[in-house]
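Just below is one structure, and these are the notes that go with it.
Quick caveat, the model's predicted, so the values are computed rather than measured. The chains referred to below are lettered A, B, ... by the order of the sequence lines, with proteins before strands, and numbering in each begins at 1.
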Protein chains: 2
Amino acid sequence: MDPHLLRTFVAVATTGSFSAAASELGYTQSAVSQHIAALEQTLGIAVLNRRPVTPTLAGERLLEHAGAILLRIEAARADVLRVVGEPPGAIVFAATPLAGAARVARALTRLRQDRPGLSVTFAVADRDEVARGVASGTYHLGLIDGVAAPSDPLKLPDVGPLRTSAVAQEKLAVVVPEEHPLAARRRIGLRALVDARWIDAPVVSAALDDLRAAVETDSLRPALTYTGADLLTLLELVAAGHGLAVLPVSAPVPAGVRRIIVDTPRLVHRTELLHGHLAEPAATALIGVLSSTSERSGPSGGSVVE
Amino acid sequence: MDPHLLRTFVAVATTGSFSAAASELGYTQSAVSQHIAALEQTLGIAVLNRRPVTPTLAGERLLEHAGAILLRIEAARADVLRVVGEPPGAIVFAATPLAGAARVARALTRLRQDRPGLSVTFAVADRDEVARGVASGTYHLGLIDGVAAPSDPLKLPDVGPLRTSAVAQEKLAVVVPEEHPLAARRRIGLRALVDARWIDAPVVSAALDDLRAAVETDSLRPALTYTGADLLTLLELVAAGHGLAVLPVSAPVPAGVRRIIVDTPRLVHRTELLHGHLAEPAATALIGVLSSTSERSGPSGGSVVE
DNA sequence: TCAGCTTACGCCGAGCGTAAATATG
DNA sequence: CATATTTACGCTCGGCGTAAGCTGA
């Protein structure tokens, strides 16, 4: 279970070819073959079928672990190296689409005033990607969003210990096309909508899975799934009547769709800041700026915006 | 970041000595020294202070990761080997003290009827220990308990993917000495007790941390902490007036203490069964027996006992 | 037949132990 | 000065590449 062997195994399993994995990793085909042979020998069980190259049952189980293990090792290295704390001239930043580009923009403005020379890179990615990136040191800071019970932390993928701090909590809103029969309503409970047509857009809206867990129902079946990262596209799909979606109330809503506040209790949109154990000075400053963007309320911080 | 080096590092850091770690691992002192040197060289930072041997700041960070990584690797191996599925003549079983020895006893009786030759080992451990043991294959099955919101899964240590299934949910009770002013009450809210004297016994009662999270208060300060695994000792401490504790209502209560049902909503005692991805036939049978011990109710299974 | 994985074999370096050197309290 | 870690050094074995062998579509 040498990490090198695991890395090779992952490469072979994902490419479906020993030779492709070899060139990807900078090995010869022979070395890759030996790696897999060694892995199978120590485990005492075959992990790959040959011709065509596919994972065996055992290999599928191993594949599920291997990525996590390699990531965990990367995260450990990044975490240890953070204590050296070289002050970066640049800061790399990632956020999920709904985590509030507006909030980030405001924070960066404040940060620029304090540290004029600082170069900032800003990336958008989905929640897992942000968490993985922050853990492994690719990003210095991450901003993620999701649906949870008030003051409950968001569920993160198993990526090792990360510091999180709540940045904001706000109510949820259902977005509906303006000709929708309910469009005139100001508030509604989610349970009243379990049989509506839904768009599942886990990247740019509340994932239906999260809503389902909160409503404790097995329905909320998606009529359409949108995996893209563009909020405007989702809103156009809603306007065109393809289904409803749930967003934080602060999300911008263009013409053609209406926003109905969700008054299901114990269900809020939450934004959290993710960072490593010891953040660099610039990051620390940014944490301060982001956190102070909204007033604190309650023991776990963050404000509730309606 | 070779796992061998990590293992050596953990041994040195925990024993506080190169030579002790060497004999523990079956290496020479020299090899251990070389391991640590290699680790520090690849990381580019010292992880141990010498004379006395203590982890540096970076070493403390590494230590936090190293155990988890090694455990994760063990868990992966165990998980892969489970697909071979040799039918064990013996089954090894672990449970937390409050997870219901009575329930286990009943299940084992049923199991014995089906499989007379089966040898069963039963161990008691705390929650983390059970989770770690099941993940790494030491135990085939684990039964854990804890406090959570109804139908919320228990929080597990980061130990890799484990299958869990709810076995039971029941209400909580505060146990108080019989001369306590509130002893005659049948029900009480936790908030009314935030300023009481508490005993924090995370192994054999609801951990105060869990209660605090649910009550959303920073108080509930422990007057006494009991880390032992013996429920009777805890109850004697309660009877002697050292403080209150929260238990599931089904816990046996001897003379000298009274039980007051906690009617704080959204707070239940939950018992879950833990097992690996593919359980062996015997384990599968036991899962069935344990799960059918109580009727199912609600989408996530398990019954609510008052 | 041939593309692609496996096996044979030789070389180099990693890693261990023995033993001498060194540092600390 | 005693105890404990580091360094020197030689040996063995693991792991990689080259090249030949094998096998299924």
Quiz item: Using a heavy-atom distance cut-off of less than 4.0 Å, which residues of residues 4-19 of chain A contact DNA chain D?
Solution: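 Here the set is empty: none.
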Exercise. Using only heavy-atom distances, decide whether a donor-acceptor pair under 3.5 angstrom links the side-chain of B:Ser30 to the base of C:dT18.
Key: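 Yes.
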Exercise. Note the angle between the end axes of the helix from C:dT1-D:dA25 to C:dG25-D:dC1, five pairs defining each, rounded to 10 degrees.
Key: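 Taking five pairs per end, the axes differ by 40°.
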Practice problem: Determine the interplanar angle of the A:Tyr27 and A:His35 rings, folded into 0 to 90°, and report it as parallel if under 30°, tilted if 30 to 60°, perpendicular if over 60°. | Solution: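 Geometry flag for A:His35 against A:Tyr27: perpendicular rings.
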Quiz item: Given C:dT6, is OP1 or OP2 found less than 4.0 Å from the side-chain N or O atoms of A:Ser33?
Solution: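 Yes, because at least one side-chain N or O of A:Ser33 sits under 4.0 Å from OP1 or OP2 of C:dT6.
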Practice problem: Give a yes/no on whether any side-chain N or O of A:Tyr27 is located under 4.0 angstrom from OP1 or OP2 of D:dG17. | Solution: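 A:Tyr27 to D:dG17 OP1/OP2: no side-chain N or O under 4.0 Å.
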Quiz item: Which part of the nucleic acid, if any, lies within contact of A:Val32, taking any heavy atom under 4.0 Å across all strands shown: a base, the sugar-phosphate backbone alone, or nothing?
Solution: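 No contact.
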Practice problem: Please tell me which of the listed nucleotides, D:dA4, D:dT23, D:dT6, lies nearest to the side chain of A:Arg51? | Solution: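 The listed nucleotide nearest to A:Arg51's side chain is D:dT23.
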Tell me the interatomic distance from [X], atom [atom1], to [N], atom [atom2], rounded to whole angstroms.
X: A:Gln34; N: D:dG21; atom1: CD; atom2: C1'; value: 15 Å
X: B:Ile36; N: C:dC16; atom1: CD1; atom2: C1'; value: 15 Å
X: A:Gln29; N: D:dA20; atom1: CD; atom2: C1'; value: 13 Å
X: B:Gln41; N: C:dG15; atom1: CD; atom2: P; value: 11 Å

